[in-house]
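Have a look at the structure below before the remarks.
In this text, all values refer to a predicted model and were calculated from it rather than measured experimentally. FYI, the numbering just counts along the sequence from 1.
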Amino acid sequence: MIKMEVERRRKLGEESLHRRTEISLHYKPLYPEVYLLQESFLAAEFLAAVRYSKSPQANIEGLLHHLHSIPGNGHIPDKRIYRLPVFIPEFCAKLVEELENFERSDLPKGRPNTMNNYGILLNELGFVDELTAPLCEKYIQPLTSLLYPDWGGGCLDSHRAFVVKYALQEDLDLSCHYDNAEVTLNISLGKEFIDGNLYFSDMKEVPVNERTYVEVEHVTGQGILHRGQHVHGALPITSGERWNLILWMRASHVRNKCCPMCDREPVLVKTLGDGDGFTSVGEEREQMVDVCTLT
């Protein structure tokens, strides 16, 4: 079973590249404008937080005035989970319509991961280069530099972007897990639904019997920012459909030392496509990752 899983993972990059090529040749977007990030898509509160983070006087205390910090409970009152408006509702609605239009096509579709059976890999549909990459680099990283410097928040150099869908007769919930990311942003896109809250416990190294839990409600257009290794899940929806945009943001400077999934020094193999955010020593030098300062 392990050998089969290893072989499956080795083929992911090649299979994804094949799907992306076929989609680019045959898919006609419903709303071409949603593939190119524009500041008009972004919430005013989000832009204000980004502007503050880029200012010379920026610090964590000042940034927290622009965010909603999710209160913890138990022995860890501050779980370092933050809510903030990201997209305006009109953009969310158009993006979901675009994704539904693609789902209705007979083109091949790669699913986000082994836990989500419904959703879309955004790199295969052509969203990464001009939508999610500039969103991460220009807007999100100034925030994460202040919020998560100890998790590579200032040197995030790759990301994995996908959309997940929850609906009756499809995926209803998501069991407890942690992400293959240093920092995650989970943005609610709608549509209309009841229940399905996120829940967070503690970081993965905390023993199960010592963990405390907090629920976080989805609000269309708003994002939940958290550390990737923070154990979390999603409760079942009871009606409607819920779509979420997930950004797994990665810092090779951090994960090259210790794989976040197995807690060991990574043993790397080359792959086509985006891989899992690791780089070789040579690639690090070329990308000048050594300029990142972690505190």
Side-chain angles (χ1 to χ4, degrees), residues 34 37-54 60 63-72 78-96 99 112 116 119-120 122 127-128 131-148 151-153 156 159-166 174 177-191 193 196-200 214-230 232-235 241-250:
V34 302
L37 182 64
Q38 302 174 46
E39 285 206 346
S40 60
F41 299 163
L42 303 175
E45 301 94 327
F46 179 67
L47 292 172
V50 174
R51 282 195 297 270
Y52 174 80
S53 299
K54 292 180 175 180
I60 180 67
L63 177 57
L64 292 180
H65 290 296
H66 293 270
L67 312 176
H68 174 63
S69 183
I70 303 298
D78 180 13
K79 289 181 178 287
R80 299 176 72 185
I81 306 168
Y82 308 99
R83 180 200 295 282
L84 68 164
V86 179
F87 294 132
I88 62 172
E90 294 81 1
F91 172 74
C92 294
K94 268 194 170 183
L95 180 56
V96 170
L99 298 171
N116 292 100
I120 296 170
L122 293 186
F127 277 103
V128 167
L131 183 77
T132 62
L135 178 64
C136 290
E137 295 163 10
K138 186 177 178 181
Y139 296 94
I140 300 174
Q141 185 151 293
L143 306 177
T144 59
S145 297
L146 294 173
L147 296 171
Y148 306 113
W151 285 89
L156 300 169
H159 74 284
R160 179 178 174 86
F162 55 93
V163 170
V164 293
K165 176 191 175 188
Y166 297 88
L174 188 62
H177 67 284
Y178 52 87
D179 300 336
N180 188 355
E182 276 63 64
V183 180
T184 295
L185 180 61
N186 181 334
I187 307 170
S188 176
L189 301 176
K191 302 165 61 174
F193 58 90
N197 287 352
L198 292 175
Y199 61 89
F200 289 87
V214 61
E215 281 189 36
V216 182
E217 185 179 357
H218 296 280
V219 179
T220 299
Q222 295 195 8
I224 306 298
L225 196 59
H226 63 90
R227 293 165 290 176
Q229 303 302 290
H230 203 141
H232 60 286
L235 296 171
E241 290 183 13
R242 177 166 72 81
W243 292 73
N244 287 65
L245 168 60
I246 313 296
L247 296 172
W248 283 357
M249 294 171 282
R250 294 153 167 176

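For S188 against C92, the heavy-atom pair with the smallest separation is O-SG, 4.1 Å. In terms of heavy atoms, Y199 sits closest to L174 at OH-O, 3.8 Å. When all heavy atoms of P85 and A43 are compared, the pair lying nearest together is CB-CB, 3.7 Å. Taking both residues in full, the closest heavy atoms of K79 and V214 are given as CD-CG1, 3.7 Å, listed atom of the first, atom of the second, then distance.
Under the 4.5 Å side-chain criterion, counting only non-hydrogen atoms from C-beta, Q229 is in contact with W151. Looking only at side-chain heavy atoms (C-beta outward), I246 and V164 come within less than 4.5 Å of each other. With a 4.5 Å cut-off on side-chain heavy atoms, V216 and F200 count as touching.
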Start with the C-alpha gap between F193 and W243, add the side-chain angles, then the distance that decides, and say whether ring-ring contact (aromatic ring centres under 6.0 Å, His included) holds.
CA-CA 10 Å; F193 58 90; W243 292 73; over 10 Å; no
May I have the step-by-step check of side-chain contact (heavy atoms from CB on, under 4.5 Å) for L42 and F87, ending in yes or no?
CA-CA 4 Å; L42 303 175; F87 294 132; 3.7 Å; yes
Chi angles and distances behind the side-chain contact (heavy atoms from CB on, under 4.5 Å) call for L245, F127:
CA-CA 12 Å; L245 168 60; F127 277 103; over 6 Å; no
Under the side-chain contact (heavy atoms from CB on, under 4.5 Å) rule, what do E215 and L198 come out as? Steps first, then yes or no, please.
CA-CA 6 Å; E215 281 189 36; L198 292 175; over 6 Å; no
Step-by-step side-chain contact (heavy atoms from CB on, under 4.5 Å) determination, C136 to L156:
CA-CA 8 Å; C136 290; L156 300 169; over 6 Å; no
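Ring-centre distance between Y178 and H232: not below the 6.0 Å cut-off.
When the shell of 6.0 Å around CD of E217 is examined, it contains 12 or fewer heavy atoms from other residues, nucleotides or ligands.
Between the side chain of K54 and the backbone N or O of Y139 there is no donor-acceptor pair closer than 3.5 Å. Using a distance-only test at 3.5 Å, with no hydrogens or angles considered, no donor-acceptor pair links the side chain of R242 to the main chain of N197. Counting only distance, with no hydrogens or angles, the side chain of Y148 and the backbone of L143 share no donor-acceptor pair below 3.5 Å. Remark: side-chain polar atoms of H177 are not paired, donor with acceptor, to backbone N or O of G233 under 3.5 angstrom. Between the side chain of R250 and the backbone N or O of N180, at least one donor-acceptor pair lies under 3.5 Å. In terms of modelled atom types and a separation under 3.5 Å, the side chain of H66 and the main chain of L64 share no donor-acceptor contact.
Atom CG of L147 sits about 4.5 Å away from atom CD1 of I60, to the nearest 0.5 Å. The OG atom of S69 sits 10.5 Å away from atom CG of L63, with the distance rounded to the nearest 0.5 Å. The NE2 atom of H226 lies 4.5 Å from the OG1 atom of T184; values are rounded to the nearest 0.5 Å. Rounded to the nearest 0.5 angstrom, T220 OG1 and I187 CD1 are separated by 12.0 Å. Note: H68 NE2 to I224 CD1 = 8.0 Å, rounded to the nearest 0.5 Å. The distance from the CG atom of L99 to the CG atom of L122 is 6.5 Å, given to the nearest 0.5 Å.
A donor atom on one side chain and an acceptor atom on the other are not found under 3.5 Å apart for N244 and Y166.
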What side-chain donor-acceptor pairs closer than 3.5 Å can you find for residues 45-53, not counting sequence neighbours?
residue	atom	partner	partner atom	Å
Y52	OH	N59	N	3.2
S53	OG	A49	O	2.9

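Between T132 and the choices E137, R160, H159, the side chain to side chain donor-acceptor pair (under 3.5 Å) rule is met once, by H159.
For R83, the salt bridge (charged side-chain N to carboxylate O under 4.0 Å, His left out) test picks out no residue, with sequence neighbours left out. Listed by chain and residue number, nothing satisfies the salt bridge (charged side-chain N to carboxylate O under 4.0 Å, His left out) test with R227 (two or more places apart in sequence, or in another chain).
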